[in-house]
Amino acid sequence: MQNIIDLNTAYEKCQKLANEHYENFPVAKMVPKAIRKHVAAVYAFARTADDIADEEHESIPADSPLRVENLRKFESQLDLPQEELDPKWAWIFVAVADTIEKFSIPKQLFKDLISAFAQDVVKKRYTDFPDLLDYCRRSANPVGRLVLLLHRINDETLFKYSDDICSALQLANFWQDMSVDRFKNRIYIPQSDWDGATEEELFALHASDRVKKILQFECERTEDMFKSGERLVKHLPFLLRLEIKLTLAGGRTILKKIKSQDYDTLTKRPALDTFDKIKLLLSAIF
């Protein structure tokens, strides 16, 4: 029996997921009405893939090869005709296929996301900074490029600025989440930057002076990437410009909070509160 789903229904389900899911993926939300459904389709794809990689721990171990196998099956849907799509995901790929066609989007951007999610299942350490940036290239940068393409922006220089912002945002999240990642046996600080630190130090309940110094170095390097990427803002339409300014400010606020904790994110995970978010909005507007 053919698996046919109405295009409008597919987009409606994507928008419902975007509106109701508990965790927001970093995509532009203040966008023209004409492209909201397409942003929702990208969100639905990325959110579902991320869940396949990182949830259902009660039934599937975090590092199970089954997670990678399920991600590969999910990725394969990109190249299937509608009648051959898996029914549980068909609505996502019907909407994504339409979005890809309308905006001439390379499928590789979607496949890069899957590649990064699959890597997160099996890879827990990174040799050096280029190794970590390659992960960011696939896990974060495609999102920024997809958002630009949905706004009909197709410029390699602007893509590079976007990559800097997205990678920096990903890195800021890594430094923010050290106390969380230790429970997943993940260390994103490149091994070449450990400076003699041991895994026990990087998984400790409190940061040693050496770990604080390492994290300070990583945060300063991340801020340099935000500075490079902020050149993108002046080239964007108003609503997207505001969204990217908020994204930049949010990432930099995380770095400031890490600094205010004396670069100890093992004791406490820094997070934005409501007051921080109000300040970010006001600073982006004015």
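The figures here come from the full heavy-atom set of this structure, side chains too, leaving out hydrogens, waters and symmetry mates.
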Non-neighbouring partners of Glu75 that pass side chain to side chain donor-acceptor pair (under 3.5 Å), sequence neighbours left out: Arg72
Glu223 and Glu220, any side-chain heavy atoms less than 4.5 Å apart: no
Listed once per pair and sorted, the ring pair (Phe, Tyr, Trp, His ring centres under 6.0 Å) pairs that draw on residues 222-259, sequence neighbours left out: none
Shortest non-hydrogen separation from Leu71 to Ala49 and the atoms involved: CD2-O, 3.4 Å
Least distance between heavy atoms, Ala41 atom then Thr99 atom: CB-OG1, 3.9 Å
Residue pair Leu236 / Ile153, side-chain heavy-atom distance below 4.5 Å: yes
Partner set under side chain to side chain donor-acceptor pair (under 3.5 Å) for Lys102, not counting sequence neighbours: Asp98
Main-chain N/O of Thr198 paired with Glu201 side-chain donor or acceptor, under 3.5 Å: yes
Side chain Gln261, main chain Lys268, donor-acceptor under 3.5 Å: yes
Stepwise side chain to side chain contact (heavy atoms under 4.5 Å, CB included) check, Ser139 with Gln170: CA-CA 8 Å; Ser139 68; Gln170 177 84 87; 2.6 Å; yes
Set of residues satisfying salt bridge (charged side-chain N to carboxylate O under 4.0 Å, His left out) with respect to Arg231, sequence neighbours excluded: none
Side chain to side chain, Phe103 and Ile35, heavy atoms closer than 4.5 Å: yes
Residues Glu230 and Arg252 bridged, charged N to O under 4.0 Å: yes
Ionic contact status for Asp131 with Lys123, cut-off 4.0 Å: yes
Distance (rounded to the nearest 0.5 Å) between Phe129 CZ and Cys136 SG: 7.0 Å
Less than 3.5 Å apart, which donor and acceptor atoms pair up between the side chains of residues 110-117 and the rest of the protein, not counting sequence neighbours?
from	atom 1	to	atom 2	distance (Å)
Lys111	NZ	Asp79	OD2	3.1
Asp112	OD1	Gln108	NE2	2.9
Ser115	OG	Arg138	NH1	2.8

Phe45 versus Phe93, closest heavy-atom pair with distance: CE1-CE2, 3.7 Å
Derivation and outcome, side chain to side chain contact (heavy atoms under 4.5 Å, CB included), residues Tyr161 and Ile244: CA-CA 11 Å; Tyr161 296 156; Ile244 299 305; over 6 Å; no
By side chain to side chain donor-acceptor pair (under 3.5 Å) - contacts of Asn8 (at least two apart): none
Chi angles and distances behind the side chain to side chain contact (heavy atoms under 4.5 Å, CB included) call for Asp155, Leu148: CA-CA 9 Å; Asp155 182 283; Leu148 291 180; over 6 Å; no
Counterpart residues, side chain to side chain contact (heavy atoms under 4.5 Å, CB included), relative to Phe203 (two or more places apart): Arg125, Arg182, Asn185, Ile187, Glu199
Pair Leu169-Ile254, side chain to side chain contact (heavy atoms under 4.5 Å, CB included): steps then yes or no: CA-CA 9 Å; Leu169 191 64; Ile254 291 297; over 6 Å; no
For Leu266 against Ala207, the heavy-atom pair lying closest together: CD1-CA, 3.9 Å
Step-by-step salt bridge (Lys or Arg N to Asp or Glu O under 4.0 Å) determination, Lys227 to Asp164: CA-CA 9 Å; Lys227 286 180 180 176; Asp164 286 339; over 6 Å; no
Check: Glu218 main-chain N/O paired with Thr222 side-chain donor or acceptor under 3.5 Å: yes
Spatial distance of atom CG (Leu85) from atom CD1 (Ile5) [nearest 0.5 Å]: 9.5 Å
Heavy-atom closest contact (Ile258 atom, Pro270 atom, distance): CG1-CG, 3.7 Å
Charged N-O contact under 4.0 Å between Asp177 and Arg186: no
Minimal non-hydrogen separation, Ala140 against Cys166, with atom names: CB-O, 3.5 Å
Test ring pair (Phe, Tyr, Trp, His ring centres under 6.0 Å) applied to Trp175 - qualifying residues, sequence neighbours left out: none
Residue pair Arg221, Asp224: steps toward the salt bridge (Lys or Arg N to Asp or Glu O under 4.0 Å) verdict: CA-CA 5 Å; Arg221 180 156 58 178; Asp224 288 341; over 6 Å; no
Partner set under side chain to side chain donor-acceptor pair (under 3.5 Å) for His206, not counting sequence neighbours: Thr267
From CZ (Arg269) to CG (Asp181), nearest 0.5 Å: 9.5 Å
Pairing residues for Lys212 by the salt bridge (charged side-chain N to carboxylate O under 4.0 Å, His left out) criterion, not counting sequence neighbours: Asp262
Any Val147 side-chain heavy atom under 4.5 Å of Val39 side chain: no
NZ/Lys88: more than 12 non-hydrogen atoms of other groups inside 6.0 Å: yes
Interatomic spacing from OG in Ser167 to CE in Met225 - rounded to 0.5 Å: 4.5 Å
Sidechain N-carboxylate O distance under 4.0 Å for Arg47, Asp50: yes
Heavy-atom side-chain proximity of Leu149 to Asn154 below 4.5 angstrom: yes
Single hit among Leu242, Thr247, Leu248 for side-chain contact (heavy atoms from CB on, under 4.5 Å) with Val233: Leu248
Nearest-0.5 Å distance that lies between atom CG in Leu240 and atom CG in Leu232: 7.5 Å
Gln15 side, atom CD; His38 side, atom NE2 - distance, nearest 0.5 Å: 9.5 Å
Tyr263 vs Phe217, ring-ring contact (aromatic ring centres under 6.0 Å, His included): CA-CA, chis, key distance, verdict: CA-CA 10 Å; Tyr263 300 99; Phe217 169 73; over 10 Å; no
Side-chain donor-acceptor contact under 3.5 Å, Asn173 with Gln176: yes
Hydrophobic cluster identity match, Val180 and Tyr126, side-chain contacts under 4.5 Å: no
Single-linkage hydrophobic cluster Leu171~Leu272, side-chain heavy atoms < 4.5 angstrom: yes
Charged N-O contact under 4.0 Å between Lys73 and Asp86: yes
Residues in salt bridge (charged side-chain N to carboxylate O under 4.0 Å, His left out) contact with Arg241, at least two apart in sequence or another chain: none
Which residues share a salt bridge (charged side-chain N to carboxylate O under 4.0 Å, His left out) with Glu12, sequence neighbours left out: none
